[in-house]
Number of protein chains: 2
Amino acid sequence: MEGTSQGGQAARAPAMTDVARLAGVSHQTVSRVLNGHPNVREQTRLRVRAAIEELGYRPNRAARTLVTGRSQLLGVVAPNSTLFGPASLLAAFELAAGAAGFSVSVRRVRVLDQPSIAAAVEHHRDQRVAGIVVIAPTASANEALAGVPAEVPVVTVDGDPERSAALVTVDQEAGAYAATRHLLAAGHRTVWHVSGPSDWLDAAGRVRGWQRALEEAGAEVPPVTPADWSAAAGHRAGQMLARMPEVTAVFAANDHLALGVLRALNERGRPVPAEVSVVGFDDVPEAAYFTPPLTTVRPDFDQVATETLNLLLKRITGGESGPVRRILTPVLVERESVTAPPR
Amino acid sequence: MEGTSQGGQAARAPAMTDVARLAGVSHQTVSRVLNGHPNVREQTRLRVRAAIEELGYRPNRAARTLVTGRSQLLGVVAPNSTLFGPASLLAAFELAAGAAGFSVSVRRVRVLDQPSIAAAVEHHRDQRVAGIVVIAPTASANEALAGVPAEVPVVTVDGDPERSAALVTVDQEAGAYAATRHLLAAGHRTVWHVSGPSDWLDAAGRVRGWQRALEEAGAEVPPVTPADWSAAAGHRAGQMLARMPEVTAVFAANDHLALGVLRALNERGRPVPAEVSVVGFDDVPEAAYFTPPLTTVRPDFDQVATETLNLLLKRITGGESGPVRRILTPVLVERESVTAPPR
DNA sequence: GGTCCGAAGGTGAGCGCTAACATAGCCCAC
DNA sequence: GTGGGCTATGTTAGCGCTCACCTTCGGACC
């Protein structure tokens, strides 16, 4: 055992110069190979690749970020919830971004108010993220976006079409309209609505669609039953509605609310759909196994995620910056919770 | 308008030297203030702070990462699912990490096999993350962890207690044991089990707990009904069980399976709990509104998240590296889906 | 009054990479 | 055969920070 240098050192990870030395080229050529530049001879490229392999070299992203001012990181600002919509959206986005070679840094905000969102966005900017996605389902969250400099690529999901420069969202109004029409078409004179939290844009859109459908049909517009997104709130709302004999059709702003409504109706001996028809929104995977299986409205969250990523990448690279919006229409999924009203 | 320098430039973001110049100190002193070093006069500190404020200076994390070799980023490897457990865990972890001043980079893996997990871990290492959390609910996912060098702080969640160096998990076996005991205590002669996917450690643990409870009670151990985690699979399993008159008690490996079972029993005219009692696992927020409200087992995902963060931070800073494990015991939540068997 | 010490702050190098420019070699046209 | 324009590669200068080391200065102590 000779006392060579390989002994005690903490074996610093190999850097570009190490690869260069082994391959007998300059570090710049290594950089060119790594970044797929043209003007590198095939033979050289192979030599560099081999050296990279041999040393187990991995480029240091921090160094690259420092010099370019841009990281391969995408920032996401998301509400601290496990609601099905945001959760599936996030998972799909993370998967798609990963496939596109980006990492996703998620910042959760406890409340969706202006300062919290702004702070989360600033945090991402500190990290030199390449772009930011803001899941901004409330009006106040959208206000926070006004303060972001235009050179930062931002895409809003579930945001305010009136405000955001780039936006991907589900057409809540169309979904609610379809749900309400469906109930009306089954013969109900009107449809009651259990809504989501009033400061959520999604909830507001669903109220609008419901109301428009009723008005167009010349049906009475009953008062909205306010709730949050939980089954518990749906249950409370359902207990009210179950007491009123004239209620024969309910459109709940999401499936969990609908579940609570279903439960309350069941408890009060009002069978669904025989006496009361119910429609939800979201099509959570369990909706088909509710009692009865729930007719609901399905947004395509995967598509929202991929559209969001595409839009963001376009802004990052192309610098396209017009007020683009992608609004995806959800589809009605018919199951067994809707039928004609009792005669 | 004098032709001064403030005109056309793209206004490079202020760096440490800019702050230093304005405050009349060296860049090093600015660094000391930023990092809370001692040996800075209060007056100087204030001057620097003011300069930072005035310029709107924000430190460049990439530069810091480059020189220190460590970022303020935590990497998470998570399965591509919207299952309630992982989703709540992730949300809680992101929130807690954010509060501790860390960003969280999430890498989703489509399948939980060895190469996928290994690739995701490597990806995080490329980013020089300070630590990594691996949500590794399958045996093969755990194998991938063997290849990770010991100097990288890694904490496993839902991993294999036999393998992982640092681990936080829920005591699946204890939860399943409690659920099964509860059914037995209600008077059932035995309990049938609808299990999760067999390669999931969680599922295996629940099978063990169920089996142990039966064996200890001297009850017959019926064959496991295999399923995945979905309500659809629960429904299929339930259709089998509903046909067998001797089935009076079912323990489902999670609440969504239980929902499917409930639905199947209902369809076959076997009322729950009058004829068949059912217990779930997870306590999803909707479980209280199933028909009937579901008795289930509740793990504390928030606590799993905070324990995971604490453990990870301890490894990052302290370098503590023994095979620490935190195993949290879930609690049984009694509702209305369990009663004595029909006589 | 000299010595030592610690507090407060400065200086210079370098982390690993990319961008911009410089250079060498080659082929082709005239 | 010489200039021009390629292509392939090297050289140099930072990006914005932290680390290791150095300097200065004001006392405490004998």
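Letters A, B, ... mirror the listed sequences (proteins, then strands); counts begin at 1. Computed from a predicted model, the values in this text were never measured in an experiment. The analysis underlying the following values was restricted to heavy atoms, covering all of them including side chains, and did not include hydrogens, waters or symmetry mates.
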| query | Side-chain contact, heavy-atom cut-off 4.5 Å: S105(A) with V104(B)? | reply | no

Pick out the pairs of N or O atoms, protein on one side and nucleotides 20-25 of chain C on the other, that lie under 3.5 Å.
from, atom 1, to, atom 2, distance (Å)
dA20(C), N6, Q28(A), NE2, 3.1

| Rounded to whole angstrom units, what separation is found between the CG atom of D126(B) and the P atom of dG16(C)? | 14 Å

| message | Heavy-atom nearest nucleotide on DNA chain C for H37(A) versus A62(A): which residue maps closer to 5'? | response | A62(A)

| field | Side chain of L66(A) - closest among dT18(D), dT18(C), dG16(C) | value | dG16(C)

Just the atom pairs and distances: protein N or O near nucleotides 23-25 of chain D's N or O, under 3.5 Å.
none

| Has R326(A) got more than 12 heavy atoms of other residues, nucleotides or ligands less than 6.0 Å from its CZ? | no

| request: Can you see which heavy atom on P161(B) is nearest to which on R325(B), and at what distance? | output: O-NH1, 2.6 Å

| query | Of all heavy-atom pairs between L90(B) and A78(B), which one has the smallest distance, and what is that distance? | reply | CD2-CB, 4.5 Å

| said: Can a donor-acceptor pair be found, under 3.5 Å and without considering hydrogens, that links the side chain of R45(B) to the backbone of V40(B)? | reply: yes

| said: So S26(A), base contact, sugar-phosphate only, or nothing? Heavy-atom distance under 4.0 Å. | reply: base

| task | Check the distance between dT18(C)'s P and R61(A)'s CZ and give it to me in whole angstrom. | result | 11 Å

| task | Whole angstrom is fine here: how far is it from CG in N60(B) over to C1' in dG16(D)? | result | 6 Å

| request: Please state how far atom CE in M16(A) lies from atom C1' in dT18(C), giving the value in whole angstrom units. | output: 8 Å

| task | With rounding to the nearest 0.5 Å, note down the distance linking CD in E307(B) to CG in L167(B). | result | 11.5 Å

| task | In whole angstrom, give the distance that lies between atom CG of L34(A) and atom C1' of dG16(C). | result | 12 Å

| said: My understanding is that only residues two or more places apart in sequence, or in another chain, count here; which of them pass ring pair (Phe, Tyr, Trp, His ring centres under 6.0 Å) with F93(B)? | reply: none

| query | For N35(B) and dT18(D), is the shortest distance between a side-chain N/O and OP1 or OP2 below 4.0 Å? | reply | yes

| said: Please check: side-chain N/O of R108(B) versus main-chain N/O of P79(B), any donor-acceptor pairing under 3.5 Å? | reply: yes

| note | Per the under-4.0 Å heavy-atom filter, residues of residues 38-58 of chain A near DNA chain C come out as Y57(A)

| What heavy-atom pair brings M16(B) and Y57(B) nearest, and what distance separates the two atoms? | N-CE1, 3.6 Å

| query | Hey, is the side chain of T68(A) poking within less than 4.0 Å of OP1 or OP2 on dC15(D), counting only N and O atoms? | reply | no

| task | Have a look at the helix from dG1(C)-dC30(D) to dC30(C)-dG1(D) and give the angle its two end axes make, five pairs each, rounded to 10 degrees. | result | 40°

| query | Could you give all pairs that pass the side chain to side chain donor-acceptor pair (under 3.5 Å) test and reach residues 133-148 of chain A, with sequence neighbours left out? | reply | T138(A)-S140(A), N142(A)-S164(A)

| message | For dT11(C), does the base pair up with any side-chain atom of H27(B) as donor and acceptor (N or O, under 3.5 Å, distance only)? | response | no

